[in-house]
S.K.: 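Let me give you the structure first, and then I'll get to my questions.
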Amino acid sequence: MTRRTPHLAAAALLLAAGAHAQVSTYTQAGLGYPVPVPVDTAEAFDGFRTYDGLLTKGTEIWLAHEHVQRTQLGATIEERPIYGYTVSAGSTTVDGLPRQGGLLVAGTLHAREWGSPEIVTQYLEHLAEGYGSDAVTTWLVDQTRIVLLPVINVDGFLQTQRWPTQQYQSSDGRMRRKNMRGVDHDLFTFSDNLLGVDLNRNMSVGWSGGFPSSQTYGGTAPFSEPESNALLAAMSLFEDNEQLRCYYDVHGAIPALYVVYHNQPRIDGATQGLLNRMRATYTARNGVPNSYPGISVFPNGTIGATDEYFGYTFEVPSFTVEYPTPNYRTTGFGGATFLLPDAQVHEVVDENIFAMQLGAMFAAGPPVLETATFWRDANGDGQMQESEIVHKSRWVADGDGRVRVDLVGDGETPLGGELRVVLQFDRPMRRFEGRGGGQPANWPGQNWPLQPTVSLAVPTEGGTATIPASASGIGWLRIKTASPGVRRYEGDTWSGVVDLSGAGEILLGQDAVLSVDVQDLYGFRLDADPATHADWLPSIPGRPAGWYSYESESGADTGLGGIDRNHAVRFAAPPDGPGTNWLFFGP
Amino acid sequence: MKLRTLIPALAVAAGALLANPASAAPWTEWPEWLETPKGHGEIEFLPGMDPSQVDWEAAAVRWGGLRAQILRGEAESALDAIAREESVLLREWLLVEAALLLGERGGPQDRALLEPVAAVEPESAYLAPHCTRPHRHVLFDTATAARHGADQIAFREGFAAQAADSAQRGADLRVALRAERHPAKLAGRLAAMEPAEARMLAADARDLSTFEPTQLDALAAHLLRAGEMDALFDFARSAPAHNARRALDAWAARRAEPKGGELIELMELRRVLAPSVLAALRPVDDAPEVREALAGLLGDARLGANASMALRRVAPDAAFAAAADALQSADPARARRGLIMMMAINDAEAREAVRRFVESTEDAPALAGLRKGGAQWLGETR
């Protein structure tokens, strides 16, 4: 548990004053499940690893994967290194465009919340090992920068692992929350057991100090603790402060998602959207409705927590994730707060990896329809040959934005008949799940229409005829080597058919505009004007924080996107003799 | 056939059950997944028919003996013994167990012994706690049919066919174990299992990994008690590490002297060794062959990380030498392990070893990334 618990502070003071210093021991009989004890293994399993095991795994990932860097961001009071891991592939640009945003995930500010280092470390493992094999992970690592700090309160975490079954007044041993400021390792020297600084009260926004024996003591000053400064230093792992687009601080044990609101519509709308998506994903993974209830944080109610600092300082969606313990999915066991049963580690990690990927997707920003290709299956084999491409247009980088390049191919066709369309996006728009090649699917818990809405507005003698494109048994593609095939990622390309046979008398020399409306895995609609690169911007006078250059189809910079109408075709009179008889070019 | 003496008793029990349900007490431990004809939680029992009143651990042990008797070809005498059981509930359970076993392993003659089971009333069939869901459904459907004078032959054939499917049987056992969350009952049921079945369970990693720790602990403890060390190590290979570790710790604690070599031997190193087993190694297991084996595993993709940790834990004095040796390797995976070990050891000697590695002029492009990482680490730890 991380926040707003004055009763804990009061209880701690009362217990200290009462001089009833006692060390209590957890038992299986009392908990109803085996007392979790750390296992000295580097490999994730259905339980908790030692700090040595977590660090060994982190070091291995850093040294084994080129797209993972490790940086020492500082040292604890006991001079142990605090590491940050940066996951990002390639150069600072993607296809010549500015790199998209970043995600920062902080872990183990509170020592006793053992699920936190497992969640963050396993997310690191997921990102490292999924790169190149899992399309979504590959996209996110290609196009964002994800910074992970699995264990910030290293000293405190080690103290809890020294005493895995014993605790003192919910303050030391297994129940240590704070860092080790003024504390020795001996659980049976009682005078120091209540000391230490709550690293989630040591930030400048809303800092208030308090009593040293309080569970929520904020230290002598904001950022008085070296661990807090290491977390601040994590910002140096981004290209600049503006690259940060989302912050997570991972805690347990009262199920909640603390959400930082700004009383500004754009950023609050984006934050609320991410919150809703995360909650839906949690439920989809764990089957429990409302397993992570949202709790709002407002500017006038700050307490010195890290989510407030990052949320209000950098003006990005910011959350404190409180994974639930124990046995929130089942009943019948008493359990103890903070003691996540071994058997639930896997579930809690799983649902949080899926939720954090949503944060990374948010950081990646809105999708762009990069390329539209029109072709005609002249020989009826279903394979797109170069000679069958009658038109292709693509957005390419141009300074800070993009410019559309039109390529006209050769084709021969009567007016009417079937026109095939291949749409390539800048990311996997769908994931695939299930056997037998898999079916396109949403991100768990999300419910966007699986197929895009695609149509061609054809000018005819009788007015504009809107001809829908159908997936016609093709739809989202998985394979790169096929033709048509995906561009970079499984699921980044959609293929469909426009049947012009019922369009009537098509007018020559006028644009037939292609409309594409689709939401990506996150639920972002398309950036309807890719010429300007969508970006998350902090506030300046007269401009609140939010998405900008993220236009609707009308060109309005709503920050919400819309329908892409940037690709069009124009029918020309067939020339005499063989050769090109359709010309396609953009508006 | 002597088995037919069971029928009147069963009929009496079933009749009593149906006649006077109101005087019963609810059984609160009814498995959640079990869909009963009366709805979940609504089943009531007559005095003497309440499953919570049965000593299931003792019953499981008793069944173990009867089972062995049937497997020796003494089915009739075993069924006779079942018929003499005083507790109606226990008698029915043993009968269903015997029927399952006969259906699975017996020939046509044995299957004929199953006929009386058809007389079991539906509710009685549901009382058999060892009888898993598919079998319960078969029993229920057929017993209902029998009560209405319908086809019993279909029941026998269907029952035998289902019971004869040994794969299904294995899956059903696991389903049954999953449903059993009462530690004492689970222990009893495990005690009644044949070693082969225990081994089968232990080897089924995917299913086991979703069991509650209490259940896995019970299985590990059972294997340990039974001296089924091969099965235990199979279990350790597949089950979550903490369960294996607890079982192996218990085994190690009973050792009169360090037996790391024996442990390694038992594990048939390199063939069955698992990260979880490596996590269970303790200083008491230190032995030359253990050190050698662990050092040899450092470059292993699956086991290397835990081998390095085990070596540091079991034989700290040997860890540096092993790390230094690995650091000299041209194999990047092995060299990486050596570097990680040096970083973990992190004393002056280890830092010097990393410095030498970083400054090595040997042309080994595959190690360039490691040298860069080592240099960064030296800079950070200065």
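Atom set for the values below is all heavy atoms of this structure, side chains included, hydrogens, waters and symmetry mates excluded. In what follows, every chain begins at residue 1, and chains take the letters A, B, ... in the order their sequences are listed. As the structure is a prediction and not an experimental result, all values here were calculated from the model.
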S.K.: To check you understand the geometry: which heavy-atom pair defines the closest contact between A:L63 and B:G373, and what is its length?
M.R.: CD2-CA, 4.0 Å

S.K.: Tell me which pairs pass salt bridge (Lys or Arg N to Asp or Glu O under 4.0 Å) where either residue lies in residues 314-325 of chain B, with sequence neighbours left out.
M.R.: B:R291-B:D317, B:D325-B:R334

S.K.: Ignoring hydrogens and angles, tell me if any N or O in the side chain of A:E43 forms a donor-acceptor pair with the backbone of B:L303 under 3.5 Å.
M.R.: no

S.K.: Before accepting this row, confirm whether a basic side-chain N of the pair A:D52/B:R312 lies closer than 4.0 Å to the acidic partner's carboxylate O.
M.R.: yes

S.K.: Just how far is it from atom OH of A:Y83 to atom CH2 of B:W377, taken to the nearest 0.5 Å?
M.R.: 7.5 Å

S.K.: Determine, step by step, whether A:W62 and B:Q376 satisfy the side-chain contact (heavy atoms from CB on, under 4.5 Å) criterion, reporting the C-alpha distance in whole Å, the side-chain angles of both residues, the deciding distance to 0.1 Å, and the verdict.
M.R.: CA-CA 12 Å; A:W62 161 47; B:Q376 179 189 324; 3.7 Å; yes

S.K.: Checking an interface table here. Which of residues 351-358 of chain B come within a heavy-atom distance under 4.5 Å of chain A?
M.R.: none

S.K.: Nearest 0.5 Å, what's the CZ-OG1 distance between B:R337 and A:T59?
M.R.: 9.5 Å

S.K.: So does A:A42 get a backbone contact from the side chain of B:N306, meaning a donor-acceptor N/O pair under 3.5 Å?
M.R.: yes

S.K.: Looking at every heavy atom in both A:T50 and B:M309, which two are closest together, and how far apart are they?
M.R.: OG1-CE, 4.1 Å

S.K.: Could you look at A:A75 and say if it's the side chain, the backbone, both or neither that has a heavy atom under 4.5 Å from chain B?
M.R.: neither

S.K.: Mind checking the OG1-CD spacing from B:T381 to A:E79? Nearest 0.5 Å is all I need.
M.R.: 12.5 Å

S.K.: Closest approach of B:E380 and A:R70, non-hydrogen atoms and distance?
M.R.: OE2-O, 4.1 Å

